[in-house]
*Asks:* 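Shown below is the structure under consideration.
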Protein chains: 2
Amino acid sequence: MKIEEEIKQSVFKSEYQKAYINVVYTSGYLQQAQSTLFKPFGVTLPQYNILRILRGQYPKPATISLLIERMLDKTSNASRIVDKLEAKGLVTRKQCPSDRRTVDVLITEKGLQLLEQMDSLEGGKGTGITNLSEDEAAQLNLLLDKIRNK
Amino acid sequence: MKIEEEIKQSVFKSEYQKAYINVVYTSGYLQQAQSTLFKPFGVTLPQYNILRILRGQYPKPATISLLIERMLDKTSNASRIVDKLEAKGLVTRKQCPSDRRTVDVLITEKGLQLLEQMDSLEGGKGTGITNLSEDEAAQLNLLLDKIRNK
DNA sequence: TACAAATATATGTACATACATTTAATGTAC
DNA sequence: GTACATTAAATGTATGTACATATATTTGTA
């Protein structure tokens, strides 16, 4: 559906303003879809993202700083999301001996197994961007990268 | 900057997965920029969005349902955002006489003046999508609309 | 009319975000 | 080596999101 219909606003100041709203709206749309998909697994989207980063590091641990650096939303609070994951037994946290300010966060076997289950879900229909051709997806990536050119 | 560099992940499962992450990341990037811009005015982004909808209706009031329908994030809680705006004197809320279940929310003079100030900000550099040509913005809109084709 | 279903809004709770502050450990200048 | 700045992580607080539930009102229907 066109963005005009989605938010029932027919007039935009410019194609730019429309694009801004469209990016934000589509992001919400995609995240909500994925969040619904993940619900049965008992992890939220931010928690899932942290788990994926940790799997990328595995079997090395990651510090909180590294998690922040790689998170999609850099201003979010990694400490507290790791709290939740730790409470569920999906990660462990222990003080790093060489620099006692930092914390080694490591995904557990249980965490790895959970991700594997969730992968099978993603493997099928994927990320929600199923209506585009590969070329269109690539084109979209170019345009989005260009937006962030500082 | 390319999304690969932004989140320091060099490998994606597909152009689709990359596009998903890119949409979400870029949305956060744009919103954070706008939020920073708006900070001095003492309203958050969701609050600003509600104010804009109310101005669109002015001098007619809007119900909470109408606000939800037009909000970018439809699952958010309009009632509580209106609470905050009311506390700041930017909107008024009163029970509608013809249907006492509904509430008439109306932007105040103070709210209109605030928006006008903020417009001047937006009017200049605009929405953050300043690196695209008009054609590219239009192309982006097409691709994003297509993603949401159910 | 009575009464169940639908609608509009508000509220409770868990989680996350945004941003400032705190605490502890490390690095560096003198 | 003490003093001060820097860094890493945690914590406090206000706001917002997601979702379930509650409350009041209206609508539809037997």
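In the text below, chain A, chain B and the rest are named by the order of the sequence lines, each starting its count at 1.
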*Asks:* Over all strands shown, is A/Leu45 touching base, sugar-phosphate only, or nothing at heavy-atom distances under 4.0 angstrom?
*Replies:*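 No contact.
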*Asks:* Provide, to the nearest angstrom, the distance between the CD1 atom belonging to B/Ile64 and the C1' atom belonging to D/dT25.
*Replies:*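 The answer, rounded to whole Å, is 16 Å.
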*Asks:* Without decimals, in angstroms, what is the distance between B/Leu67 CG and C/dA8 P?
*Replies:*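 Taking atom P of C/dA8 as the reference, CG of B/Leu67 is at 13 Å.
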*Asks:* Counting only side-chain nitrogens and oxygens, does B/Thr102 get under 4.0 Å of the OP1 or OP2 atom of C/dA8?
*Replies:*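 Checking B/Thr102 against C/dA8: no side-chain N or O falls below 4.0 Å of OP1 or OP2.
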*Asks:* Remember a base hit wins even if backbone is also touched, and classify A/Asp73 as base, sugar-phosphate or nothing at under 4.0 Å, heavy atoms.
*Replies:*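 It contacts sugar-phosphate atoms only.
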*Asks:* Provide, to the nearest angstrom, the distance between the CG atom belonging to A/Asp83 and the C1' atom belonging to D/dA9.
*Replies:*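 The distance from CG of A/Asp83 to C1' of D/dA9 comes to 11 Å, rounded to the nearest Å.
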*Asks:* Can you confirm whether the side chains of B/Gln9 and A/Arg52 place a donor and an acceptor under 3.5 Å from each other?
*Replies:*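 Result is no, nothing qualifies.
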*Asks:* If you assign each of B/Arg80 and B/Gln32 to its closest nucleotide in DNA chain C, which residue comes earlier from the 5' end?
*Replies:*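 Counting from the 5' end, the first nearest nucleotide belongs to B/Arg80.
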*Asks:* Does B/Ser65 put a side-chain nitrogen or oxygen below 4.0 Å from OP1 or OP2 of C/dT9?
*Replies:*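 True: B/Ser65 side-chain N/O within range (under 4.0 Å) of C/dT9 OP1/OP2.
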*Asks:* Return yes if the base of D/dT7 and the side-chain atoms of A/Asp99 contain a donor-acceptor N/O pair under 3.5 Å, otherwise no.
*Replies:*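 Under the 3.5 Å cut-off, the side chain and the base do not form any donor-acceptor pair.
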*Asks:* Starting at the 5' end of DNA chain D and moving along, which residue's nearest nucleotide shows up first, A/Thr63 or A/Thr36?
*Replies:*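 Upstream on the strand: A/Thr63.
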*Asks:* Side chains of A/Tyr20 and B/Gln34: any donor to acceptor distance under 3.5 Å?
*Replies:*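 Distance-only check passes for B/Gln34 and A/Tyr20.
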*Asks:* Does D/dG16 have OP1 or OP2 under 4.0 Å away from a side-chain N or O of B/Gln47?
*Replies:*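 Checking D/dG16 against B/Gln47, a side-chain N or O does come within under 4.0 Å of OP1 or OP2.
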*Asks:* Please determine, by modelled atom types, if B/Lys88 and B/Gln47 share a side-chain donor-acceptor pair under 3.5 angstrom.
*Replies:*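 A pair is found: one side chain offers a donor N or O, the other an acceptor, under 3.5 Å apart.
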*Asks:* Of the nucleotides C/dT17, D/dG16, C/dT9, which has the atom closest to the B/Thr44 side chain?
*Replies:*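 Among C/dT17, D/dG16, C/dT9, the one nearest the side chain of B/Thr44 is D/dG16.
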*Asks:* Send over the distance from A/Ile81 CD1 to C/dA16 P, rounded to a whole Å.
*Replies:*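 These atoms are roughly 6 Å apart.
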*Asks:* Would you mind telling me which of D/dT7, C/dG12, C/dT17 lies closest to the side-chain atoms of A/Arg101?
*Replies:*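 In terms of side-chain proximity for A/Arg101, the closest of D/dT7, C/dG12, C/dT17 is D/dT7.
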*Asks:* Tell me what A/Lys74 touches on the nucleic acid: a base, only sugar-phosphate, or nothing, going by heavy atoms under 4.0 Å.
*Replies:*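 Result for A/Lys74 = nothing.
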*Asks:* What is the separation between atom NZ on A/Lys39 and atom P on C/dC15, rounded to the nearest whole Å?
*Replies:*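 Distance, rounded to whole Å: 12 Å.
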*Asks:* So if I take every side-chain heavy atom of A/Pro46 and compare against D/dT26, C/dA10, C/dT17, which nucleotide ends up nearest?
*Replies:*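 Nucleotide nearest to A/Pro46's side chain: C/dT17.
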*Asks:* What are the two closest non-hydrogen atoms of B/Leu106 and B/Lys60, and how far apart are they?
*Replies:*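 So the minimum-distance heavy-atom pair works out to CD1-O, 3.6 Å.
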*Asks:* Let me know the distance between CD of B/Gln95 and P of D/dT23, rounded to the nearest Å.
*Replies:*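 After rounding, the gap between these two atoms is 17 Å.
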*Asks:* Write down the distance between NZ (A/Lys84) and C1' (C/dT13), rounded to a whole number of angstrom.
*Replies:*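 So the two atoms are 12 Å apart, to the nearest Å.
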*Asks:* Just how far is it from atom CD1 of B/Ile68 to atom CZ of B/Arg70, taken to the nearest 0.5 Å?
*Replies:*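 Going from the CD1 atom of B/Ile68 to the CZ atom of B/Arg70 covers 13.0 Å.
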*Asks:* Considering just the side-chain nitrogens and oxygens of A/Ser76, establish if one lies under 4.0 Å of OP1 or OP2 belonging to C/dT17.
*Replies:*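 Yes, within the criterion.
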*Asks:* Quick one: on DNA chain D, does B/Ser98 or A/Val82 contact a more 5' nucleotide (nearest heavy atom)?
*Replies:*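 Final value for this comparison: A/Val82.
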*Asks:* Would you indicate whether B/Glu116, at its atom CD, is surrounded by more than 12 heavy atoms from other residues, nucleotides or ligands within a distance under 6.0 Å?
*Replies:*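 Not more than 12 within 6.0 Å, no.
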*Asks:* Nearest-Å distance, CG (B/Asp104) to P (C/dA8)?
*Replies:*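 Those two atoms, CG and P, are 13 Å apart.
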*Asks:* Nearest nucleotide by nearest heavy atom, which residue falls closer to the 5' end of DNA chain C, B/Arg93 or A/Lys88?
*Replies:*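 That would be B/Arg93.
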